[in-house]
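Numbering of residues begins at 1 and proceeds along the displayed sequence. Note that ligands are numbered from 1 as they come in the structure, with each ligand's atoms numbered from 1 the same way.
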Amino acid sequence: MPAEGGGRVGLIARLVGSDGGGWRLLFEDSPMGIAIVDRAGRILLANRAAYALAGHVGAPPPPGTALAELFHPEDRAKLETETARACGGLGPRLGLELRLAERRGADGAALGCSVAMVAISPLAEDDGSICGAVVRMTDITRHRVIETQLAQNQKMQAVGQLAGGIAHDFNNLLTTIIAATDFCLARRPLDEATEADLLHIRRSAERGAALVRQLLAFSRRQTLQPRVLRLAEAIEDVASLLRRLLGHRVVLELDLDRPGPFVRVDPVQFDQVIVNLALNARDAMPQGGALAVRTATLTVYRPMVRGQEVIPPGRYAVVEVADNGIGIPPDVLPRLFEPFFTTKKDSGGTGLGLATVYGIVRQTGGFIAVDSKQGEGTTFRIYLPIASGEDAPAAPETPRPASVRHVSLPQPPEAAAGSAAGERGTVLLVEDEEGVRRLTVRALENAGWRVLVAPTGDIALQLLAREPEPPRVVVTDFVLPGMDGAEVVRAVRALHPRVPVILVSGYAESAAREGLPDADLRFLAKPFTFRQLLEAIERSLEAAG
Ligand code: ADP
């Protein structure tokens, strides 16, 4: 066994000698990689774990090999410098995070490299002279992966909360703008220029509303209307739209598991997911290519890590959307689902497509993961919990809108023609946002309603207590100062158990509905048009008989 300087055999010889007895056993079996090196950083002795860390199986490299060779070429100099420092009397070097040499599979394919936490402790002879060092190495790759996933998840959650908060306030503002514009438009005759300006305001507000919807989708606070349907049929339904969007240069290949599993999704939002993935795939194949959409089922027995997701055990319906486009660089992959992350700024990318996809999939109880190789293509996989077919509707439902990117145009408020305020009965309106409140009162009065109006739940209850008759219908916002919409519903129901209630909310129905198992309760998503509000009132009254 070579020892540095030839004659210096004391401590090193005792450590590396084959008569080490018990300690050699501990050394060899330690799960921590340990290497004894001379002052020049050459391996004198290393255990199995040290070699395994760097992917060495079988015969270890010959003694005298530089320990640095087990490490990534870019991190070798750092190891050498720190070893020299430890051996130069500067004390132990601890907490060094270094990448190990890249592992290769049997076919020579790169398998990535592990990260090790490295500590270098000098070895001193009895006379105090340093003859080498003990290098301890722990594989922390898994920790790092989990840490990164956690940080990414936390980031997505924080951004989601922020986006959701902003979207909520914007919903109120946009509802007011759209409504006020509609009132002005209804006030005819208008001169041409004023009408053009008003239409311009309304179009911009609608575009704002579309953005808000995407933000709400990302922050998983959209109002979803889920239905149980066959996954394969849902894909088939959207296929003709996809073909139109993809153009003639991209071929759509469907490989659907038929009849296949049922899933519980909002069909319009599901279309949006598939369309957004397909549009990105089209952008990634400027010269044309193939987009494959496949479905399958999968049973997960143990928690399964896919990208940033940990998919719990269960039965899943899987949708795979695969292109053979430009692929995604590894450093971009972790940021893909962040809102406003785009590599297409110049061509009008908003960075909201995948954020929307992510939000919808997660709000639906599913997971999404992506695999990509630069120059070869990208595959998105969506895992949706399989639903029981018992809840599936027997007859086909109302057809979906022709274009899923279509933003419904707000209709002008109902004309007041022939309806005097109050003749239809009384509506109790609870809304804290002044602009929305004022315009809603006007729309309701125009439609023949008498409106009891309150900015908070407390005031609403005081008004109700003074009324001799129950109102015909209650319209309340969900987010209110003091008692929230759900509490208002409960308090109103305590006084008038059968009065129909419309809960207006920019938030997810499931969140708003919590603890309110109630057939006479309807939801209206913000921003809404007055026609939608009036229709919701009519439907509530019909249902209540
Ligand atoms: P946008 O399309 O507006 O940029 P997205 O959120 O839909 O926003 O996508 C974010 C980014 O993800 C894109 O800018 C692109 O860099 C990348 N990306 C998404 N899908 C693909 C794909 N199929 N192939 C290559 N890159 C993709």
Side-chain angles (χ1 to χ4, degrees), residues 152-153 155-157 159-160 162-164 166-167 207-208 210-220 222 235 238-239 241-243 245-247 249-255 269-294 306-309 318-363 366-383 403-405 407:
Q152 188 64 20
N153 270 340
K155 184 160 125 190
M156 293 290 265
Q157 221 167 351
V159 178
L162 182 74
I166 294 172
R207 280 174 53 197
L211 276 176
V212 162
R213 261 194 288 281
Q214 284 176 299
L215 284 181
L216 281 172
F218 168 68
S219 55
R220 304 177 221 166
Q222 265 196 128
I235 304 259
V238 75
L241 175 60
L242 291 187
R243 284 196 185 92
L245 292 171
L246 291 171
R249 277 200 277 195
V250 175
V251 185
L252 177 67
E253 292 164 1
L254 294 184
D255 180 4
Q269 302 302 328
F270 181 77
D271 284 2
Q272 184 82 67
V273 165
I274 304 296
V275 164
N276 284 7
L277 293 177
L279 288 174
N280 277 335
R282 181 194 64 184
D283 294 347
M285 299 184 286
Q287 313 303 330
L291 175 71
V293 181
R294 305 181 193 103
R306 285 288 174 276
Q308 285 156 28
E309 309 269 35
V318 186
V319 189
E320 207 173 270
V321 180
D323 65 58
N324 54 5
I326 52 175
I328 303 171
D331 58 318
V332 166
L333 273 179
R335 304 198 54 198
L336 225 51
F337 298 107
E338 281 176 24
F340 305 112
F341 174 80
T342 178
T343 56
K344 301 179 215 161
K345 272 241 150 62
D346 298 340
S347 51
T350 60
L352 283 173
L354 287 181
T356 306
V357 167
Y358 176 85
I360 295 172
V361 169
R362 294 305 302 261
Q363 200 180 339
F367 301 89
I368 181 160
V370 54
D371 265 334
S372 188
K373 266 216 174 109
Q374 269 186 287
E376 290 184 21
T378 303
T379 302
F380 285 89
R381 281 189 196 87
I382 297 170
Y383 302 83
S403 161
V404 288
R405 288 216 159 159
V407 178

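Contacts of Ile166 classified as side-chain contact (heavy atoms from CB on, under 4.5 Å), with partners at least two apart in sequence or in another chain: Leu162, Phe170. Remark: Arg335 engages Glu338 in a side chain to side chain donor-acceptor pair (under 3.5 Å) (not counting sequence neighbours).
Counting only residues at least two apart or on different chains, the side-chain hydrogen bond (donor to acceptor under 3.5 Å, both in side chains) pairs with a member in residues 320-329 are Arg294-Glu320, Glu320-Arg381.
Remark: aromatic rings of Tyr358 and Phe337 are close, center separation under 6.0 Å.
The shortest distance between side-chain heavy atoms of Leu291 and Leu246 falls below 4.5 Å.
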Between ligand 1 and the protein, give all atom pairs where both partners are nitrogen or oxygen and the distance is under 3.5 Å, as lines of names plus distance to 0.1 Å.
residue, atom, partner, partner atom, Å
ligand 1, 2 (O), Asn280, OD1, 2.9
ligand 1, 2 (O), Lys344, NZ, 2.8
ligand 1, 3 (O), Thr350, N, 2.9
ligand 1, 3 (O), Gly351, N, 2.9
ligand 1, 4 (O), Thr342, OG1, 2.5
ligand 1, 6 (O), Gly353, N, 3.4
ligand 1, 6 (O), Leu354, N, 2.9
ligand 1, 7 (O), Asn280, OD1, 3.2
ligand 1, 7 (O), Asn280, ND2, 2.8
ligand 1, 7 (O), Leu354, N, 3.2
ligand 1, 8 (O), Gly351, N, 3.4
ligand 1, 14 (O), Thr342, OG1, 3.4
ligand 1, 14 (O), Thr343, N, 2.8
ligand 1, 14 (O), Thr343, OG1, 3.1
ligand 1, 16 (O), Thr343, OG1, 2.3
ligand 1, 23 (N), Asp323, OD2, 2.8

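Looking at Thr379, its side chain never comes within 3.5 Å of a backbone N or O of Asp371 through a donor-acceptor pair.
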